[in-house]
*Asks:* 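This is the structure I want to talk about, given as structure tokens.
Within every chain, numbering begins at 1; the chains are lettered A, B, ... in the order of the sequence lines, protein sequences first and strands thereafter.
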There are 2 protein chains.
Amino acid sequence: MDLRHLRYFIAVAEEKNIGRAAARLHISQPPLTRQIQQLEAELGVSLFIRTPRGVELTEVGELFLAEARNIRSVVEQATERTQRAGQGKLGRLDIAIFGSAILDVIPKLLRAYKVMFPKVKIVLHTMNKGEQIEALQQRRISVGFNRILSPTPGITAELVTTEALLLAVNAAHPLASRDVVPFEALAGEPLVLFPTGVRPSFVDTVVALCQSAGFTPEVSQEVGDAVTAVALVAGGFGLCLVPQSATVLAFPGVVYRPLSDVPTPGRVDLSCIYRSDDQSPLLAGFLAEVRRFRAGLRT
Amino acid sequence: MDLRHLRYFIAVAEEKNIGRAAARLHISQPPLTRQIQQLEAELGVSLFIRTPRGVELTEVGELFLAEARNIRSVVEQATERTQRAGQGKLGRLDIAIFGSAILDVIPKLLRAYKVMFPKVKIVLHTMNKGEQIEALQQRRISVGFNRILSPTPGITAELVTTEALLLAVNAAHPLASRDVVPFEALAGEPLVLFPTGVRPSFVDTVVALCQSAGFTPEVSQEVGDAVTAVALVAGGFGLCLVPQSATVLAFPGVVYRPLSDVPTPGRVDLSCIYRSDDQSPLLAGFLAEVRRFRAGLRT
DNA sequence: CCATGAACATACCTTAAAGGTATTGCTCTG
DNA sequence: CAGAGCAATACCTTTAAGGTATGTTCATGG
């Protein structure tokens with residue numbers, strides 16, 4: 001038995017006439033007669049009573065009609081679900097995030113993704129870079145977001161966005177009175193650095209920039225994340241370099257100032273990382289959305 | 001897409017190796033490769049990752065494997081149910097019964113039928129002969145049971161069993177003292193006759209027998225059914241001729257005696273009736289059981 | 001009562017697609 | 001580096017689905 005047999009059977013049962021059903025199926029009448037006979041022979045059952053005006057279903061035929069329609073709908077649903085899944089539109093995507101990226105870029109990106117792939121369940125995990133790589137290798141997550149990258153075999157990184165650096169400074173600090181702060185003005189000032197943890201990280205970027213500008217930063221405090229760092233700035237612990245997206249943190253007493261004369265590159269990247277061999281349509285769909293997002297930023 | 005594609009896909013998914021799956025399916029490897037490629041192309045989805053050691057399912061493939069197995073089981077159940085129905089082993093059978101047949105033959109027959117066709121739901125209706133014929137013609141029932149028949153167009157009758165006649169007599173009556181009662185002894189005795197209602201019926205058989213024996217019966221009472229008739233015998237209303245199966249009615253004060261010299265045929269039939277054009281497998285199965293039952297009685 | 005038309009069945013041919021054989025190409029392994 | 005194992009490809013064979021022509025049956029109307 002074949003899905004064709006069922007399609008033909010349903011057509012004949014609905015038309016109550018083999019000739020008309022054949023026309024509807026775009027085949028001629030004799031083959032349809034034969035297919036129905038085959039189906040009956042295979043089931044060992046009489047499905048139709050032949051009358052001079054056409055055919056009508058037997059009781060068994062009525063039963064089988066219900067079964068056939070059921071099979072048809074099960075098959076349709078199965079193919080549809082499979083195709084959705086194949087387009088990355090169905091399933092579950094585990095994503096790891098960390099640090100200041102949580103503040104602005106990730107929410108925007110995920111919102112855009114949700115619009116395109118509404119049936120994908122997104123599960124967010126908070127992990128630092130080392131944890132992300134391990135989780136990727138163990139297939140516990142499919143995507144991670146990070147600012148600083150060192151090439152890792154088997155892991156591909158893809159740039160999501162770059163952001164300018166801003167100075168977060170206490171409103172009472174003399175530098176807060178300036179609209180634009182020259183980078184060299186940071187020399188000798190106590191800095192709050194983040195994050196602690198797996199190196200290299202954003203800390204190293206900031207230190208490298210200072211050294212490019214000809215001075216060694218004075219470290220007031222190292223903390224785990226951007227939010228804590230800005231909170232310490234509000235508490236007067238010193239200055240802090242943050243990615244632009246950190247400005248969503250409106251701590252009282254903290255102002256953000258653009259910097260001038262920042263040594264190259266002067267910006268900080270946000271990248272997403274994933275297994276190089278991951279062929280999942282879910283990942284493909286997500287990466288497509290990441291690229292669309294980045295293209296949208298450029299315009 | 002085709003059920004064959006699903007069968008092949010399941011085999012490959014289970015073997016994780018196209019060559020072995022082909023052997024299991026009793027085809028060679030290249031056609032199987034092609035069928036899988038077709039399936040993937042039709043779904044627009046990659047189901048397997050080809051490795052040097054075989055193939056393994058993608059995430060989408062895993063999903064589709066579950067779907068395919070589901071479809072397979074739905075199809076299997078559908079064909080099985082249809083075949084059961086085609087053999088008269090599934091469905092509902094409405095049967096009408098009446099009179100003394102209820103007492104013994106019908107329960108035995110239905111019990112035997114239930115063993116062979118356990119999934120058929122039997123619905124019993126109590127109808128007299130006229131009602132049975134009308135209900136058959138209106139397709140409200142499929143089978144009726146009756147003792148006396150007059151040929152009816154479109155209705156076929158089939159003998160189920162014949163039973164000897166016994167005399168039901170009050171234990172205080174002089175005839176109760178005899179082991180065998182000659183039929184002529186009934187002349188002049190008051191008789192309880194049944195059933196009232198549509199003629200011809202068992203009443204007419206009894207009257208005809210009496211006239212064959214050379215006397216006209218003295219009617220003490222006519223009642224609707226055998227149970228009432230025997231109850232009246234217990235109450236001293238007279239004698240009553242009953243089919244053998246009525247002996248299950250063990251009323252106190254009533255004894256059953258065989259008769260001798262009963263005019264031919266001397267027995268009473270029980271037949272079942274059904275629409276001559278009824279091709280339902282349910283009816284066919286039931287009639288097969290009736291014939292088996294009758295053959296069993298003969299031995 | 002016969003002719004007609006509508007319907008399904010049958011016979012026979014054509015064509016599309018499933019299956020088979022031989023071979024290639026790619027990896028991993030010893 | 002050669003061989004084993006596996007999937008893919010090329011090309012042929014065979015099966016079965018589809019098409020055309022015709023037969024058979026039954027109801028209907030003149």
*Asks:* Using the ring of each side chain (for Trp, its six-membered ring), is A/Phe9 parallel, tilted or perpendicular to A/Phe48, with breaks at 30° and 60°?
*Replies:*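 Geometry flag for A/Phe48 against A/Phe9: tilted rings.
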*Asks:* Starting at atom CZ of A/Arg7, determine the distance to atom P of D/dA17, rounded to an integer number of angstrom.
*Replies:*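 The distance from CZ of A/Arg7 to P of D/dA17 comes to 12 Å, rounded to the nearest Å.
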*Asks:* Which nucleotide in the list C/dC28, C/dT21, D/dG19 gets nearest to the side chain of A/Ile27?
*Replies:*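 Given the options C/dC28, C/dT21, D/dG19, the side chain of A/Ile27 is closest to D/dG19.
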*Asks:* Regarding B/Pro31, tell me which of base, sugar-phosphate or nothing describes its non-hydrogen contacts under 4.0 Å with the strands shown.
*Replies:*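 Answer is base: heavy atoms of B/Pro31 come under 4.0 Å of a base.
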*Asks:* Select one nucleotide: of D/dA8, C/dA9, C/dA7, the one nearest the side-chain heavy atoms of B/Ile18.
*Replies:*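 Out of D/dA8, C/dA9, C/dA7, the nucleotide with an atom closest to B/Ile18's side chain is D/dA8.
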*Asks:* Closest approach to the side chain of A/Gln35, judged atom by atom: which nucleotide of D/dC6, C/dA9, D/dG18 is it?
*Replies:*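 Nearest to the side chain of A/Gln35 among the choices is D/dG18.
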*Asks:* Let me know the distance between CD of A/Glu15 and P of C/dC8, rounded to the nearest Å.
*Replies:*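 In whole Å, C/dC8 P and A/Glu15 CD are 11 Å from each other.
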*Asks:* Do the charged groups of A/Glu56 and A/Arg50 touch, with an N to O distance under 4.0 Å?
*Replies:*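 A salt bridge is absent here (no side-chain N lies under 4.0 Å from a carboxylate O).
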*Asks:* How many Å lie between CZ on A/Arg53 and C1' on C/dA7, as a whole number?
*Replies:*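 Rounding to the nearest Å, CZ of A/Arg53 and C1' of C/dA7 are 11 Å apart.
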*Asks:* With a 4.0 Å cutoff (strictly under), does any side-chain N or O of B/Arg4 reach OP1 or OP2 of C/dA18?
*Replies:*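 Indeed, a polar side-chain atom of B/Arg4 lies that close.
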*Asks:* B/Ile141 pairs by side-chain contact (heavy atoms from CB on, under 4.5 Å) with which of B/Met127, B/Arg275, B/Glu131, B/Glu134?
*Replies:*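 The side-chain contact (heavy atoms from CB on, under 4.5 Å) with B/Ile141 is passed solely by B/Met127 among B/Met127, B/Arg275, B/Glu131, B/Glu134.
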*Asks:* Please state whether the phosphate of D/dA8, meaning OP1 or OP2, lies under 4.0 angstrom from any side-chain nitrogen or oxygen of B/Thr33.
*Replies:*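 Looking at the OP1 and OP2 atoms of D/dA8, one of them is under 4.0 Å from a side-chain N or O of B/Thr33.
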*Asks:* Under 4.0 Å, heavy atoms only, any strand: does B/Phe48 hit a base, just the sugar-phosphate, or nothing?
*Replies:*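 Counting heavy atoms under 4.0 Å across all strands, no contact is made by B/Phe48.
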*Asks:* So for B/Arg34 and C/dG19, does any side-chain atom that can act as donor or acceptor lie under 3.5 Å from a complementary atom in the base?
*Replies:*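 Check passes, donor-acceptor contact within cut-off.
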*Asks:* Separation of B/Ile36 atom CD1 from C/dA18 atom C1', in whole Å?
*Replies:*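 Answer to the nearest Å: 14 Å.
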*Asks:* Looking just at side-chain N and O atoms, do B/Gln37 and B/Thr33 make a donor-acceptor pair shorter than 3.5 Å?
*Replies:*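 No pair is found: no donor N or O on one side chain lies under 3.5 Å from an acceptor on the other.
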*Asks:* Inspect the contact between A/Arg267 and A/Asp269 and indicate whether a charged nitrogen and a carboxylate oxygen are less than 4.0 angstrom apart.
*Replies:*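 No, A/Asp269 and A/Arg267 are not salt-bridged.
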*Asks:* Rounded to the nearest Å, what distance is computed from the CD atom of residue A/Glu40 to the C1' atom of nucleotide C/dC8?
*Replies:*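 To the nearest whole Å, that distance equals 12 Å.
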*Asks:* State which of D/dC6, C/dT10, C/dC28 makes the closest approach to the side chain of B/Pro52.
*Replies:*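 The answer is C/dC28, which lies nearest to the side chain.
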*Asks:* Mind calculating the distance between CD (A/Gln37) and C1' (D/dG18) to the nearest angstrom?
*Replies:*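 After rounding, the gap between these two atoms is 15 Å.
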*Asks:* Please give, in whole Å, the distance from D/dA17 P to A/Leu39 CG?
*Replies:*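 Checked: the CG to P distance equals 12 Å.
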*Asks:* So for A/Gln29 and C/dA7, does any side-chain atom that can act as donor or acceptor lie under 3.5 Å from a complementary atom in the base?
*Replies:*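 Side chain to base: no pair below 3.5 Å.
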*Asks:* Would you say C/dA18 has OP1 or OP2 under 4.0 Å from some side-chain N or O of B/Gln38?
*Replies:*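 B/Gln38 to C/dA18 OP1/OP2: side-chain N or O found under 4.0 Å.
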*Asks:* Rounded to the Å, how far apart are A/Glu56 CD and C/dA6 P?
*Replies:*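 In whole Å, C/dA6 P and A/Glu56 CD are 20 Å from each other.
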